[in-house]
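All heavy atoms count here, side chains included; hydrogens, waters and symmetry mates do not. FYI, the numbering just counts along the sequence from 1.
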Amino acid sequence: QVRLVESGGGLVQAGGSLRLSCAASGRTFSSCAMGWFRRAPGKEREFVAAISKNGGSTFYKETVEGRFTISRDSAKQTGYLQMNSLKPEDTAIYYCACFLGGWVTGRDFEYDYWGQGTQVTVSS
């Protein structure tokens, strides 16, 4: 079992920044490839970013690449999503997830554990 707890969400003006954290407990964090997903009001959950178990591989949703950076600190058992140049369309509940497989994926059905989410609201 892996328990994931997100934090760092909030209200920010367009152009601002937030850093989301995902604290893991239970099974060793290093066994997880990690992903961030989001669900905007009235929309389905979508992939945002993913990082491999050793942090050596990352990939992003096209519309966030260059603005968002995913990272992880295995010593702290924590993953991060640094979000810069935020736009109103980034408003959503953001979820982190753990995938126990051996690759990096953006497909949500492949993830094994999920956090409860943290709200990000970007005002115009």
Any side-chain heavy-atom pair of [X] and [Y] under 4.5 Å:
X: Leu86; Y: Phe68; value: yes
X: Trp36; Y: Cys22; value: yes
X: Glu6; Y: Tyr95; value: yes
X: Glu46; Y: Lys61; value: yes
X: Ser52; Y: Thr58; value: no
X: Leu100; Y: Cys32; value: yes
X: Phe99; Y: Met34; value: no
X: Ser17; Y: Gln82; value: yes

**Study point:** Given Leu81, Thr78, Thr118, the one that forms side chain to side chain contact (heavy atoms under 4.5 Å, CB included) with Ser21
**Key:**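 For Ser21, the side chain to side chain contact (heavy atoms under 4.5 Å, CB included) check succeeds only for Thr78.
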Check your understanding: Taking only residues two or more places apart in sequence or in another chain, which ones pass ring pair (Phe, Tyr, Trp, His ring centres under 6.0 Å) with Tyr80?
Key ->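 Expected list: none.
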Point to revise | All ring pair (Phe, Tyr, Trp, His ring centres under 6.0 Å) counterparts of Phe47, not counting sequence neighbours | key: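 Expected list: Phe37, Phe59.
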Check your understanding: Restricting to pairs with a member in residues 64-88, which pass salt bridge (Lys or Arg N to Asp or Glu O under 4.0 Å), not counting sequence neighbours?
Key ->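 For residues 64-88: Arg67-Asp90.
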**Study point:** Distance-only polar pair, side chains of Ser123 and Gln13, donor-acceptor under 3.5 Å
**Key:**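 No, Gln13 and Ser123 have no side-chain donor paired with an acceptor closer than 3.5 Å.
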Please find the pair of heavy atoms, one from [X] and one from [Y], that lie closest to each other, and give the distance.
X: Ser124; Y: Ala14; value: CA-CB, 4.3 Å
X: Val104; Y: Ser57; value: CG2-CB, 4.1 Å
X: Ala24; Y: Phe29; value: CB-CD1, 3.4 Å

Exercise for review: Nearest 0.5 Å please: distance from the CG atom of Asp108 over to the CD atom of Glu44.
Suggested key: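 The CG atom of Asp108 sits 9.0 Å away from the CD atom of Glu44.
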Review point. Say you draw a straight line from OG1 of Thr91 to NZ of Lys43; how long is it, rounded to the nearest 0.5 Å?
Key: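 Reported to 0.5 Å precision, the distance equals 10.0 Å.
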Same cluster or not: are [X] and [Y] linked, directly or through other Ile, Leu, Val, Met, Phe, Trp or Tyr residues, by side-chain heavy atoms under 4.5 angstrom apart?
X: Val2; Y: Ile51; value: no
X: Tyr94; Y: Val122; value: yes
X: Ile93; Y: Met83; value: no
X: Tyr60; Y: Leu20; value: yes

Review point. Given the rule in the side-chain contact (heavy atoms from CB on, under 4.5 Å) test, do Lys53 and Trp103 qualify, once you have shown the distances and angles that lead to the verdict?
Key: CA-CA 8 Å; Lys53 294 181 180 182; Trp103 57 93; over 6 Å; no
Exercise for review: Check the surroundings of atom CZ in Arg39: do more than 12 heavy atoms from other residues, nucleotides or ligands lie under 6.0 Å from it?
Suggested key: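 Yes, CZ of Arg39 has more than 12 neighbouring heavy atoms, counting only those of other groups under 6.0 Å.
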Review point. If you count the non-hydrogen atoms of other residues, nucleotides and ligands that lie under 6.0 Å from CD in Gln116, is the total more than 12?
Key: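 Counting other residues, nucleotides and ligands, CD of Gln116 stays at 12 neighbours or fewer.
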Exercise for review: Check the pair Arg3 / Val5 against side-chain contact (heavy atoms from CB on, under 4.5 Å), numbers first and verdict last.
Suggested key: CA-CA 7 Å; Arg3 181 169 180 259; Val5 179; 3.7 Å; yes
